[in-house]
Amino acid sequence: MSIEEQVTLYEVGLRDGLQNEPAFVPTDDKLVLARMLADAGLTRIELTSFVSPRWIPQLADHERVAHDAERRPGVQYSALVPNRRGLDGARRAHLDEVAIFLSATETHTQRNINKSISEALAVLSEVSACAIAAGIRVRGYISVVFGCPYEGAVATARVHALVRSLLDMGVFEVSLGDTIGVGNPRQVKNLVRSLLTEVSPDRLALHLHDTRGTALANVVSGLDEGIRTFDTSFGGLGGCPYAPGAAGNLATEDLVYLLDGMGCPCSVDLDRLILASLHVTELIGRSLPSKVLQAELARRQRDLSRRAKANQTTST
Ligand code: HMG
Ligand code: MG
């Protein structure tokens with residue numbers, strides 16, 4: 001696979017990012033953000049989750065966000081669905097893609113969706129079949145593939161079996177989640193290589209968290225192995241539910257900067273993306289962890305100080 005091949009970013013900030021924010025971002029603001037992300041050239045945007053508002057109150061407005069988000073030609077909009085009820089909501093909102101999810105360990109699956117892995121697989125299999133019958137394509141997520149906060153190390157064979165189960169249900173793409181950001185490039189290489197013995201690379205995506213600063217290194221390892229779809233969150237929005245204050249999802253800006261510099265084509269315009277991240281920064285009232293965003297803000301601050309100094313000199 002050549003590095004010149006297009007890399008696709010699957011933007012999760014409105015879902016994985018906002019679900020971790022203490023503040024509820026008003027629905028109309030979410031709709032503006034969705035527009036800004038499409039303006040920035042993102043072609044796959046996860047808008048929200050059709051989950052219980054008791055569990056995830058930040059996304060309690062899922063019906064309206066998914067229904068009212070302006071559709072753009074060439075942009076695929078998606079949402080998380082845990083069960084039939086979630087799928088019904090996604091259908092009412094006219095989404096043509098949904099994402100189902102479970103974790104590689106029993107404890108994480110139980111804590112996240114209140115089911116064992118086998119119970120979850122049964123529900124997801126039904127959801128997937130109904131979605132596909134309705135002409136909706138289905139993405140699948142597997143969380144904690146490189147390590148679980150409750151059970152520690154995760155065996156490759158376990159991830160393999162779940163990838164196979166999801167693909168057998170008709171899922172078009174499986175996203176491998178480093179949910180707590182513990183993976184390293186060697187683990188990425190080993191897991192992806194092992195999966196590629198039976199799955200083609202276009203059926204896999206990497207969902208990397210930057211909790212310990214390894215996300216970009218892990219992307220490069222994934223690129224080397226032929227992965228071309230990566231999940232990212234604008235500004236690095238979100239946090240890690242198991243490490244308060246720590247960084248969460250890999251920031252979209254940081255990956256776009258890396259890809260631009262490496263000459264890997266991707267559809268995203270960094271300047272426009274930064275506008276969306278600045279807007280959400282204002283809405284949530286805290287600075288975001290993206291390194292590229294921080295560098296841009298520092299540059300703007302420097303320019304302002306220089307200009308202020310120059311004005312002072314001319315007026316004295
Ligand atoms: P449950 O308690 O087992 O199910 O929850 P239930 O059927 O008994 O329903 C409980 C309540 O939820 C009821 O309401 C239902 O009506 C309601 P109540 O009587 O308490 O008022 N309910 C729903 N409401 C709206 N939409 C629905 C729905 N279904 C039931 N679709 C359930 C099971 C899955 C619903 C629950 O556990 C839940 O919502 N969990 C939230 C899971 C979640 O969103 N986690 C975060 C996303 S996953 C993630 O971040 C990882 C990922 O990013 C990858 C990575 O980083 O690795 C994807
Ligand atoms: Mg995540």
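Bear in mind that the values here come from a model prediction, so they are computed numbers and not experimental data. Start at 1 with the first residue, then count along the sequence.
- Tracing side-chain contacts under 4.5 Å through hydrophobic residues (I, L, V, M, F, W, Y), one never reaches L14 starting from F24; they form parts of separate clusters.
- Checking side-chain atoms of D29 against main-chain N and O of L283 turns up no donor-acceptor pair under 3.5 Å.
- Between T252 and L42 there is a side-chain heavy-atom pair separated by less than 4.5 Å.
- When every heavy atom of R111 is checked against every heavy atom of W55, the shortest pair comes out as O-CZ3, 3.3 Å.
- The number of heavy-atom neighbours closer than 6.0 Å to CZ of R164, taken from other residues, nucleotides and ligands shown, is above 12.
- In this structure, R64 places its CZ atom where more than 12 heavy-atom neighbours from other residues, nucleotides or ligands lie under 6.0 Å away.
- Annotation: side chain of V154 is not in contact with side chain of H108 (no heavy-atom distance under 4.5 Å).
- Cluster annotation: M262 and Y257 are assigned to the same hydrophobic cluster (Ile/Leu/Val/Met/Phe/Trp/Tyr, side-chain heavy-atom contacts under 4.5 Å, transitive).
- S290 contributes no side-chain N or O that, together with a main-chain N or O of G236, makes up a donor-acceptor pair within less than 3.5 Å.
- Between the CG atom of L255 and the CG atom of L9 there is a distance of 4.5 Å, given to the nearest 0.5 Å.
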Requested in this report: Starting from the C-alpha separation in whole Å, work towards a yes-or-no answer on side chain to side chain contact (heavy atoms under 4.5 Å, CB included) for L166 and M169.
Outcome: CA-CA 5 Å; L166 290 175; M169 287 177 200; 4.1 Å; yes
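- Rounded to the nearest 0.5 angstrom, L80 CG and L59 CG are separated by 9.0 Å.
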**Report entry** side chain to side chain donor-acceptor pair (under 3.5 Å) assessment of S287 paired with Q294
**Finding:** CA-CA 9 Å; S287 59; Q294 284 172 16; 5.8 Å; no
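- For the residue pair Q187 / N190, no side-chain donor-acceptor distance below 3.5 Å is found, with atom types taken as modelled.
- One N or O on the side chain of Y77 and one on the backbone of E70 form a donor-acceptor pair closer than 3.5 Å.
- A distance of 10.0 Å separates CZ of R71 from CD of Q76, quoted to the nearest 0.5 Å.
- Within 6.0 Å of atom CZ in R272, 12 or fewer heavy atoms from other residues, nucleotides or ligands are found, so the atom counts as exposed in its surroundings.
- Judged by distance alone, the side chain of R158 and the main-chain N or O of V145 form no donor-acceptor pair under 3.5 Å.
- Each of V138, V98, L95 was scored for a side chain to side chain contact (heavy atoms under 4.5 Å, CB included) with V81, with one residue passing: V98.
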Report task. Would you sort out whether V292 and V256 count as a side chain to side chain contact (heavy atoms under 4.5 Å, CB included), showing the intermediate values? Result -> CA-CA 9 Å; V292 169; V256 171; over 6 Å; no
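- N249 and S233 form no side-chain donor-acceptor contact under 3.5 Å, judged by distance and modelled atom types alone.
- The shortest non-hydrogen separation linking G181 to T214 is O-OG1, 4.2 Å.
- Inter-residue side-chain proximity for V171 and R203 is flagged as unmet; no heavy-atom pair is nearer than 4.5 Å.
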Report task. Apply the test salt bridge (charged side-chain N to carboxylate O under 4.0 Å, His left out) to residues E21 and R286: give CA-CA distance (whole Å), side-chain angles for both, the deciding distance (0.1 Å), then the verdict. Result -> CA-CA 10 Å; E21 283 302 318; R286 70 172 183 95; 2.6 Å; yes
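- Side-chain atoms of S221 come within 3.5 Å of backbone N or O of P185 as a donor-acceptor pair.
- Under the 4.5 Å side-chain criterion, counting only non-hydrogen atoms from C-beta, E253 is not in contact with E296.
- Of all the heavy atoms in A215 and H209, the pair that sits closest is CB-O, 3.7 Å.
- Side-chain contact check for L216 versus V220: every heavy-atom pair is 4.5 Å or farther apart.
- L18 places a side-chain heavy atom less than 4.5 Å from the side chain of L237.
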Requested in this report: Please assess L297 against L278 for the test side chain to side chain contact (heavy atoms under 4.5 Å, CB included), listing each intermediate value before the final yes or no.
Outcome: CA-CA 9 Å; L297 287 173; L278 291 177; 3.4 Å; yes
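- A salt bridge links R299 with D303: the closest approach of a Lys/Arg side-chain nitrogen to an acidic carboxylate oxygen falls below 4.0 angstrom.
- Relative orientation of the F50 and H62 rings is tilted, given thresholds of 30° and 60° on the angle between their planes.
- When side chains are defined from C-beta on, R139 counts as touching R44, because their heavy atoms get closer than 4.5 Å.
- Between the NE2 atom of H279 and the OG1 atom of T281 there is a distance of 10.0 Å, given to the nearest 0.5 Å.
- Side chain to side chain, N112 and S103 fail the donor-acceptor criterion of an N or O pair below 3.5 Å.
- Considering every non-hydrogen atom in both S116 and Q110, the closest pair reads N-OE1, 3.4 Å.
- When all heavy atoms are compared, the tightest approach of I100 to S128 is CD1-CB, 4.5 Å.
- Of the possible donor and acceptor atoms, none in the side chain of E225 sits under 3.5 Å from a partner among the backbone N and O of I227.
- Nearest approach of S267 to T43, heavy atoms of both residues: OG-CG2, 3.8 Å.
- In this structure the side chain of P149 reaches within 4.5 angstrom of the side chain of V144, judged on heavy atoms.
- Counting only distance, with no hydrogens or angles, the side chain of D254 and the backbone of K291 share a donor-acceptor pair below 3.5 Å.
- The only member of Y10, Y141, F101 that meets ring-ring contact (aromatic ring centres under 6.0 Å, His included) when paired with H207 is Y141.
- The CZ atom of R306 sits 11.0 Å away from the CG atom of L304 when rounded to the nearest 0.5 Å.
- In terms of modelled atom types and a separation under 3.5 Å, the side chain of E11 and the main chain of F234 share a donor-acceptor contact.
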Report task. I would like to know whether L223 and L259 meet side chain to side chain contact (heavy atoms under 4.5 Å, CB included); could you show each step before the answer? Result -> CA-CA 10 Å; L223 282 170; L259 293 171; 4.1 Å; yes
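- Distance check, rounded to the nearest 0.5 Å: NZ of K189 to CG of N184 gives 10.5 Å.
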